[in-house]
Amino acid sequence: FPRPVLLVCRGLDPIGTGRQIELVAGGLVAAGAAVPVAVTTRGGSLPGRLAAAGVAVHRIGPRPVCDGGPVLQLVRLARRLRPRPVVVGGRGHLPAAVTLKCACRTAPVVLEVAKPLRGTVERRLVAVLDGLIATTPAAAASGPWDPGRDPRAACIPPAASAPPPQGID
């Protein structure tokens, strides 16, 4: 991996999407990639767990929503790190992903979604990006590309494994 793989997510707990991000970051680090993670909102235990696992965590959003401030910080971070690619988690980050694609044209930006896109506006915004990763066939089919024929769309089902039991946290 000659350049870092930037993951973008909200402050999450390590269940559902948070667990998927934890697994992806861990797998990429094990494969030798530099994996910075930009956390756009406060909250959740995922950032601390990633930092403890040796992943560089950039907390760019102090509020509970991803608004203009974290988006600007994300653009600055991407320009500094020059990642290739950027994987942005969730439909809620779609405006940030499009802004990042327009501001950093050399970085491939891919959106990861668990639920189908809603409406023409979301499909057109996703079409600006370089790809769509969906966790269900319905979510993949809701995008602007045919997941069976176009390599820009992929359906990758969740592969989360349960963390080892450690008693009550």
Chemist: Could you tell me whether the side chain of R84 reaches within less than 4.5 Å of the side chain of P108, counting heavy atoms only?
Modeler: yes

Chemist: Which pair of heavy atoms, one from A134 and one from A140, lies closest together, and at what distance?
Modeler: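 Closest approach of A134 to A140: CB-N, 3.3 Å.
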
Chemist: Let me check something: do V8 and V110 share a hydrophobic cluster, defined by ILVMFWY side-chain heavy atoms less than 4.5 Å apart, either directly or through other members?
Modeler: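 No; V110 is not reachable from V8 via cluster members.
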
Chemist: Would the distance check show the side chain of D130 and the main-chain N or O of V109 forming a donor-acceptor pair, the cut-off being under 3.5 Å?
Modeler: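 Here the side-chain-to-backbone pair exists.
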
Chemist: Measuring from atom NZ of K101 to atom OG1 of T106, what distance do you get when rounded to the nearest 0.5 angstrom?
Modeler: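 If I round to the nearest 0.5 Å, the distance is 7.5 Å.
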
Chemist: Should L6 and L74 count as side-chain neighbours, where that means a heavy-atom distance under 4.5 Å?
Modeler: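 Yes - at least one pair of side-chain heavy atoms lies under 4.5 Å apart.
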
Chemist: Compare every heavy atom of P70 with every heavy atom of G61, then report the nearest pair and how far apart it is.
Modeler: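 Shortest heavy-atom contact: CA-CG, 3.7 Å.
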
Chemist: My understanding is that only one of V113, T135, L12, L46 makes a side-chain contact (heavy atoms from CB on, under 4.5 Å) with T17; could you say which?
Modeler: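 The single option meeting the side-chain contact (heavy atoms from CB on, under 4.5 Å) with T17 is L12.
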
Chemist: Within this structure, what is the CD1-CD distance for the pair I15 and E22, rounded to the nearest 0.5 Å?
Modeler: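 Those atoms lie 11.5 Å apart.
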
Chemist: Please round to the nearest 0.5 Å and tell me the distance separating atom CZ of R42 and atom CZ of R59.
Modeler: 11.5 Å

Chemist: Write down the atom of P147, the atom of A141, and the distance for their closest heavy-atom approach.
Modeler: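 The answer is CG-N, 4.1 Å.
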
Chemist: Cluster question for you: counting only ILVMFWY and a side-chain heavy-atom cut-off of under 4.5 Å, with indirect links fine, are V75 and I60 together?
Modeler: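 Same cluster: V75 reaches I60 through Ile, Leu, Val, Met, Phe, Trp or Tyr contacts under 4.5 Å.
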
Chemist: Do you know which of V86, V87, V57, V55 makes side-chain contact (heavy atoms from CB on, under 4.5 Å) with L7?
Modeler: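 Testing each of V86, V87, V57, V55 against L7, the sole residue satisfying side-chain contact (heavy atoms from CB on, under 4.5 Å) is V87.
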
Chemist: Side chain of D150, backbone of R152: donor and acceptor closer than 3.5 Å?
Modeler: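 Indeed, once roles are kept as given, a pair shorter than 3.5 Å links the two residues.
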
Chemist: Is any side-chain heavy atom of L94 closer than 4.5 Å to one of L129?
Modeler: yes

Chemist: Determine whether L132 and L100 fall in the same hydrophobic cluster, where Ile, Leu, Val, Met, Phe, Trp and Tyr are linked whenever their side-chain heavy atoms lie under 4.5 Å apart.
Modeler: yes

Chemist: Can a donor-acceptor pair be found, under 3.5 Å and without considering hydrogens, that links the side chain of R91 to the backbone of A114?
Modeler: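 No, because the side chain of R91 does not come within donor-acceptor range (under 3.5 Å) of the backbone of A114.
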
Chemist: Establish whether V39 and V88 are linked, either directly or via other cluster members, by ILVMFWY side-chain heavy-atom contacts under 4.5 Å.
Modeler: no

Chemist: At what distance, to the nearest 0.5 angstrom, does SG of C9 lie from CD of Q20?
Modeler: 12.5 Å

Chemist: Looking at L111, V98, T120, which hits side-chain contact (heavy atoms from CB on, under 4.5 Å) with L125?
Modeler: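 It is V98; the other options fail the test.
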
Chemist: Kindly say whether R82 contributes a backbone atom to a donor-acceptor pair with the side chain of R3 at under 3.5 angstrom?
Modeler: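 Side chain of R3 to backbone of R82, a donor-acceptor pair under 3.5 Å: yes, one is there.
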
Chemist: Please determine whether residues W145 and I156 belong to a single hydrophobic cluster, defined as Ile, Leu, Val, Met, Phe, Trp and Tyr linked transitively by side-chain heavy-atom distances below 4.5 Å.
Modeler: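 Hydrophobic grouping puts W145 apart from I156.
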
Chemist: With a 4.5 Å limit on heavy-atom distance, are the side chains of C66 and V71 in contact?
Modeler: yes

Chemist: Ignoring hydrogens, what is the shortest heavy-atom contact between A78 and C104? Give both atom names and the distance.
Modeler: CB-SG, 4.0 Å

Chemist: Do T41 and P64 have side-chain heavy atoms sitting under 4.5 Å apart?
Modeler: no

Chemist: Just how far is it from atom CG of L72 to atom CG of L77, taken to the nearest 0.5 Å?
Modeler: 11.5 Å

